[in-house]
Amino acid sequence: MPTSSGQHYDAVIAGARCAGAATAMLLARQGARVLLLDRSRYGTDTLSTHALMRGAVLQLHKWGLLAGIAAGTPAVRSSTFHLPDGTLTVPIKSLRGVDALYAPRRIVLDAILADAARSAGAEVRFGTSVTGLRRGRTGRVTGVTGRARGARLEVGADLVIGADGRRSTVARCAGAETAHVAPASSAVIYRYFREDAIEGYHWHYVVGATAGAIPTNDGLACVFAAVSERRLRRELDDGADAAFRRVLARAAPGLADRLGHRGAVGPPRIFPGLTGYLRDAAGPGWALVGDAGYFKDPLTAHGITDAFRDAEILARAVTAEGPDAVGRYQEERDELSLRLFRVAGRIASFEWTADDIGEHLLELKDAMAEEVAAMTGEHRIDPGRLLQPASA
Ligand SMILES: Cc1cc2nc3c(=O)[nH]c(=O)nc-3n(C[C@H](O)[C@H](O)[C@H](O)COP(=O)(O)OP(=O)(O)OC[C@H]3O[C@@H](n4cnc5c(N)ncnc54)[C@H](O)[C@@H]3O)c2cc1C
């Protein structure tokens, strides 16, 4: 099997979606030599209900990518919470030049990010799997091994970044320990409806179930229904379609009635559940961004927002101080993650009552606001600085 080797990069990144492509773009914009690899094909879909929160939209704006998203994605100008004791609509306030949220399909968002990484100078290769890590004499990670179309790949790097999602090969090969585990997981079924009259995000909560409607591209709304992991296994006994209808009717009867008359587009998609975790995010020569290092329950609709945040704080740390600054990245990531991670676990447990779900949602809102404040503070990548040489 032929081997391509001998190349050396400042950073090699496994995974070219929201975490990896954003990190590659930011590093390449600072002049770093970046290789971005993904085993899937360019522009493909992945599980997601698409909702971007304020932090993600601000990042896209700051990176100069929001106009490209907004061109084909409906603006979300309010978030409506349907709670057991009433309905509350919160308008999206204007902040730093951003006055709306967006929920782009992943085929749109991830392609824009990969294009931006390539335009910034990163070398982007799809159809290429990272299969292992190379290590130096001290045990420091010094590169990756991989595979592309039958050929073996070996490349060196000052920093290997795992942005390869929930089953991260980089995390496993690096030996990243899991520091925190969530108490429970939700399970989600979602599908698309041709429905362009839904105004803003809608989040529905009844005891034991939740649902939501999220306007996205092409006149579609992404509608999800969620219960506990164990409950979904039972609901699926008579198929995904029946389970979706039943859970939606329970969590959001008005929405279920309204959609009942309109055709769904495509089959239901199922997330069977996965307990959240916070893994070590870095070690000598390696770092993890996005779901590779930190997965919180999808009910918070916050994974993409945090993937962008990770990209920004990792790129800032290593651009300013070199690849050995990954420890500082980990500290900052943990500090910004734990509050939201804990409340996500409480919501995903479905152990809340009609009386206390509002408190959990307020806690979630405060945790998000804290994160936005941190990200809009003095966090800036120093322009013109390249990655510093590795120390060992
Ligand atoms: C049902 C569901 C709904 C969700 N809804 C929302 C939402 O509304 N809003 C939100 O913000 N978040 C949501 N999330 C979370 C969000 O989807 C994730 O947090 C986000 O996709 C993480 O991005 P990532 O780039 O870290 O990983 P991923 O999107 O998982 O991408 C990882 C990439 O790595 C590649 N890869 C994997 N292994 C290798 C390898 N060995 N070599 C090379 N490439 C590799 C994969 O092909 C993939 O392209 C949802 C999640 C689920 C499950």
Side-chain angles (χ1 to χ4, degrees), residues 12-24 35-57 59-60 76 101-107 109-111 113-114 124-133 144-148 153 160-173 185-191 201 203 212-216 222-226 232 268-274 276 279 281 288-311 314 340 344 348 368:
V12 172
I13 303 175
R17 291 191 185 273
C18 40
T23 308
L35 177 62
L36 177 64
L37 305 172
D38 200 297
R39 68 180 175 202
S40 64
R41 283 178 298 114
Y42 170 77
T44 52
D45 205 0
T46 189
L47 277 184
S48 177
T49 52
H50 319 305
L52 300 185
M53 296 300 156
R54 166 92 66 185
V57 181
Q59 295 289 120
L60 288 168
V76 167
L101 305 180
Y102 297 88
R105 295 278 304 268
R106 296 296 292 272
I107 45 177
L109 177 68
D110 294 347
L113 290 164
V124 186
R125 296 192 211 164
F126 285 90
T128 304
S129 294
V130 168
T131 52
L133 298 179
V144 300
T145 57
R147 214 176 32 239
L153 172 84
V160 172
I161 299 171
D164 47 348
R166 302 190 287 278
R167 295 195 175 81
S168 169
T169 301
V170 175
R172 180 171 42 78
C173 295
S185 168
S186 72
V188 181
I189 313 185
Y190 68 91
R191 67 191 310 182
Y201 292 156
W203 314 104
I214 297 161
T216 186
C222 176
V223 177
F224 75 83
L232 187 73
R269 306 197 60 187
I270 301 172
F271 169 69
L274 176 71
R279 290 180 182 137
L288 304 174
V289 288
D291 282 5
Y294 166 41
F295 178 70
K296 78 213 110 339
D297 200 86
L299 285 189
T300 56
H302 209 72
I304 301 167
T305 301
D306 281 348
F308 289 174
R309 178 206 70 187
D310 284 0
L314 175 64
L340 206 134
M368 286 193 211

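Values reported hereafter were calculated over all heavy atoms of this structure, with side chains retained and with hydrogens, waters and symmetry mates removed. All values derive from a computational prediction rather than experimental measurement. Counting starts at 1 for both ligands and their atoms, in listed order.
For the pair Thr169 and ligand 1, the shortest N or O to N or O distance falls below 3.5 Å. For ligand 1, the polar-atom distance check against Thr46 finds no nitrogen or oxygen pair separated by under 3.5 Å.
Nearest heavy atoms, Gly132 versus Cys173: CA-SG, 4.0 Å. Closest heavy-atom contact between Ile214 and Ala51: CD1-CB, 4.1 Å. The two atoms that bring Gly15 and Leu36 nearest to each other are O-CD1, 3.4 Å, heavy atoms only.
Two residues are said to be in side-chain contact when any heavy atoms from C-beta on lie closer than 4.5 Å; Arg105 and His50 meet this criterion. Put simply, the side chain of Arg39 does not reach to within 4.5 Å of the side chain of Thr128, judged on heavy atoms. In this structure, the side chains of Asp45 and Arg269 come closer than 4.5 Å at one or more pairs of heavy atoms. Using a 4.5 Å heavy-atom threshold, the side chains of Leu52 and Leu60 count as touching. Inter-residue side-chain proximity for Arg106 and Cys18 is flagged as met; some heavy-atom pair is nearer than 4.5 Å. Considering only heavy atoms from C-beta on, Leu340 comes within 4.5 Å of Tyr294 through its side chain.
Counting heavy atoms under 4.0 Å from ligand 1, residue Thr49 touches it through both backbone and side chain. Residue-level proximity to ligand 1 for His302 is carried by the backbone, the only part with a heavy atom below 4.0 angstrom. Within the 4.0 Å heavy-atom criterion, neither part of Thr131 lies near ligand 1. Looking at Ser168 against ligand 1, nothing comes within 4.0 Å, counting heavy atoms. When heavy-atom distances to ligand 1 are checked against a 4.0 Å cut-off, Arg269 has no atom that comes that close, whether in backbone or side chain.
Here is the list of ligand 1 atoms found below 4.0 Å of a heavy atom in Thr128: 43 (C). Residue Ser40 approaches ligand 1 through these ligand atoms, each under 4.0 Å from one of its heavy atoms: 47 (O), 49 (O). Near Leu47, meaning under 4.0 Å from one of its heavy atoms, ligand 1 places the atoms 17 (O). Of all atoms in ligand 1, numbered sequentially from 1 with element shown, those under 4.0 Å from a heavy atom of Ala19 are 24 (P), 25 (O), 26 (O). Interface of Phe271 with ligand 1, defined as ligand atoms under 4.0 Å from a residue heavy atom, comprises 1 (C), 53 (C). Heavy-atom contacts of Gly290 reach the following atoms of ligand 1: 26 (O) (cutoff under 4.0 Å). Taking every non-hydrogen atom of Ser129 and a distance limit under 4.0 Å, the qualifying atoms of ligand 1 come out as 42 (N), 43 (C).
Closest to atom 47 (O) of ligand 1 by heavy atom, among Leu299, Ile189, Asp291, Asp38, is Asp38. Comparing Ile270, Val144, Val130 by heavy-atom distance to atom 40 (C) of ligand 1, the nearest is Val130. Comparing heavy-atom distances from atom 10 (C) of ligand 1 across Cys18, Gly303, Ala21, Ala311 singles out Gly303 as nearest. In this comparison of Ala163, Gly15, Pro272, Ala56, the heavy atom closest to atom 32 (C) of ligand 1 sits on Ala163. For atom 16 (C) of ligand 1, the candidate residues are Arg17, Arg172, Arg106; the nearest heavy-atom contact is made by Arg106. In this structure, of Val289, Thr23, Asp297, Asp164, the residue bringing a heavy atom nearest to atom 36 (N) of ligand 1 is Asp164. Looking at Ala51, Ala292, Pro298, Gly146 and measuring to atom 9 (N) of ligand 1, the nearest heavy atom belongs to Ala51.
Counted by atom type alone, Arg17 and Thr44 present one or more donor-acceptor pairs between their side chains at under 3.5 Å.
Proximity of a side-chain donor or acceptor of Thr23 to a complementary backbone N or O of Ala19 within less than 3.5 Å is detected. Checked by atom type and distance alone, the side chain of Arg279 pairs as donor or acceptor with a backbone atom of Ala292 at under 3.5 Å.
Residue contact check for ligand 1: Asp110 places no non-hydrogen atom closer than 4.0 Å to it.
If you run side-chain contact (heavy atoms from CB on, under 4.5 Å) between Leu133 and each of Val12, Thr145, Val160, only Val160 comes through.
Ranking protein heavy atoms by distance to atom 14 (N) of ligand 1, first place goes to Ser48 OG, 4.4 Å. Shortest contact from atom 44 (N) of ligand 1 to any protein heavy atom: Arg39 N, 3.1 Å. Protein heavy atom closest to atom 11 (O) of ligand 1, with residue, atom name and distance, is Ile304 N, 2.8 Å. Closest protein heavy atom to atom 30 (O) of ligand 1: Gly165 CA, 3.7 Å.
Annotation: ring pair (Phe, Tyr, Trp, His ring centres under 6.0 Å) contacts of Phe224 (sequence neighbours excluded): none. In this view, Arg166 and Asp291 satisfy the salt bridge (Lys or Arg N to Asp or Glu O under 4.0 Å) rule, not counting sequence neighbours.
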